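Following: one structure in structure tokens, then a few remarks.
Just so it is clear: chains get the letters A, B, ... in the order the sequence lines come, proteins before strands, and each one is counted from 1. Here the structure is a predicted model, which is why all the values come from computation and not from measurement. Side-chain atoms are counted along with the backbone in the values below, which use heavy atoms only and exclude waters and symmetry mates.
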There are 2 protein chains.
Amino acid sequence: MSIRLPASARREQLLDVALQVFARQGYHGASMNDVADAAGVTKPVVYQHFDSKRDLYLALLDSVGERLLTAIYTATAGATSGKHVTELGFQAYFRWVAHDHDAFLLLFGGGGKADDEFNDAVRKVTAQVAESIKPLIAADIDPEHQRTLAHALVGIAEGASRRLVDNGTDFDPDLLARQVSDMAWAGLRAVSRPPTAADSDPDSPRRTRRASTR
Amino acid sequence: MSIRLPASARREQLLDVALQVFARQGYHGASMNDVADAAGVTKPVVYQHFDSKRDLYLALLDSVGERLLTAIYTATAGATSGKHVTELGFQAYFRWVAHDHDAFLLLFGGGGKADDEFNDAVRKVTAQVAESIKPLIAADIDPEHQRTLAHALVGIAEGASRRLVDNGTDFDPDLLARQVSDMAWAGLRAVSRPPTAADSDPDSPRRTRRASTR
DNA sequence: CATAGAGGTGACCTCAGGGTAATCGTGGCG
DNA sequence: CGCCACGATTACCCTGAGGTCACCTCTATG
């Protein structure tokens, strides 16, 4: 038999272990037995703490999403300028990825289930991140356009992270944040300002900026 | 019994139908019976054309990835400037998403399986897109940094698309491409040029740019 | 019209895996 | 010391789904 643990500790351990297992093997690739084994315990124990596999997985998604969001919120709370917010935000994101590797895989690793409830949990996170980004975007453009750009920025973080995570190489999140936020901030500034001569392209004359995405 | 089709036509139909089914229900959520039913046929027919579920899914990933890549390659072939390439590239991507909705979901919708072979198929696509983007990035920066930015750009397209696809709203891919590529191109230009006074932030003094991500 | 072969089907096998019921063992408390 | 309650286990059920086999049916062709 395994070491006995008080219920609350066991529950925490199960969440920890399940995160690893699901991150590595995906939702379907991981059986409840796998989770139990990884925790050094048998299946019914898992069911004493979580009603179902879904339940366990949702609990994980929530807790993991929460961690990312608070990391970003607290990191950017003390920022003094748009550029500063951008860099600190990316920094928090990449630190989270570097530190909480499995959490990133769980949310964005693609091992999930095509399930409305699961999708919602993930989308809610990205949407909230995007929302926290929106203030950085020039207020004089169409809100729909703003949202598009905000989600594009979230995509930047995801795209840069995924490559490194998939690659398996360790990386310096702070350096990454500088590299990426430099680009992102420059891009953000540009959308609100009239183009300079250097930006224009002789082959595609400047068109008028329309108002809506739809 | 269903309408009889010649083998090649049936195979094409199965690929078509399977794309829809897998895109909507995910790899695990869709059974081979579902695919067969959707094609108006029974399971053994599917197995006459594909050795296994994996086989079918991989065939789909390949064909779908191929479509995206050629769309981008042909679209950007005639471009005359970096900015132009950027816009045409995004345009091709977003048009692909708008037109081949299910293909996007299959590759990036997260309904996949946490499987090395599947991941490789998807990663190969994003890596190739990133590779085609790399020439746009200032050549005077570290190659690893270049790759990071290239993948970040791919992330932009993915992030912007995912929101719209998940949302279910139709969108104008060309408008989207303009909005996004404006930002992206401005960002790309900035990383190669020394920062202007307007870009600097009094609270975070300019640091020296280091060379590597590792 | 007979027949070969391609296209298609119903029924089945097998097994992984989610979930449960009954039981066991042990540590703390009266 | 005895016993209760909580933590854990063994053994099981049962459904869903991947995959296969033997058989059927239609159509083109000589």
Looking at C:dG25, I'd like to know if its phosphate oxygens (OP1 or OP2) sit under 4.0 Å from a side-chain N or O belonging to A:Arg4. no
Using whole Å, report how far [atom1] of [X] lies from [atom2] of [N].
| X | N | atom1 | atom2 | result |
| --- | --- | --- | --- | --- |
| B:Leu56 | D:dG19 | CG | C1' | 14 Å |
| A:Phe50 | C:dT20 | CZ | P | 15 Å |
| B:Leu14 | C:dG8 | CG | P | 9 Å |
| A:Leu5 | C:dG25 | CG | C1' | 16 Å |
| B:His49 | C:dG8 | NE2 | P | 6 Å |
| A:Arg11 | D:dA8 | CZ | C1' | 18 Å |
| A:Ile3 | C:dT26 | CD1 | P | 14 Å |

Could you walk me through whether B:Asp182 and B:Lys83 pass the salt bridge (charged side-chain N to carboxylate O under 4.0 Å, His left out) check? CA-CA 8 Å; B:Asp182 278 353; B:Lys83 183 180 171 58; 3.6 Å; yes
So, B:His84 side chain and B:Thr80 main chain: donor-acceptor pair closer than 3.5 Å or not? yes
Looking at the base of C:dG8, is there any donor atom on it, or on the side chain of B:Gln48, that sits under 3.5 Å from an acceptor on the other one? yes
Between D:dA8, D:dT9, C:dG8, spot the one nearest the side chain of A:Thr42, thanks. D:dT9
Salt bridge present between A:Glu158 and B:Arg162 (N-O < 4.0 angstrom): yes
Sequence neighbours excluded, which residues qualify as side chain to side chain donor-acceptor pair (under 3.5 Å) partners of A:Glu131? A:Lys134
Applying side chain to side chain contact (heavy atoms under 4.5 Å, CB included), run through B:Phe108 and B:Thr126 and close with a yes or a no. CA-CA 10 Å; B:Phe108 307 119; B:Thr126 61; 3.5 Å; yes
Protein-proximity profile, nucleotides 11-18 of chain D, B/S/- by nucleotide at the 4.0 Å heavy-atom cutoff, equals ------SB
Between A:Lys124, A:Arg123, A:Arg54, which is the residue that forms a salt bridge (charged side-chain N to carboxylate O under 4.0 Å, His left out) with A:Glu117? A:Arg54
For DNA chain D, whose closest nucleotide is more 5', that of B:Asp51 or that of A:Arg10? A:Arg10
Can A:Arg178 be said to sit on top of A:Phe90's aromatic six-ring, NZ or CZ under 6.0 Å from centre and within 45° of the ring axis? no
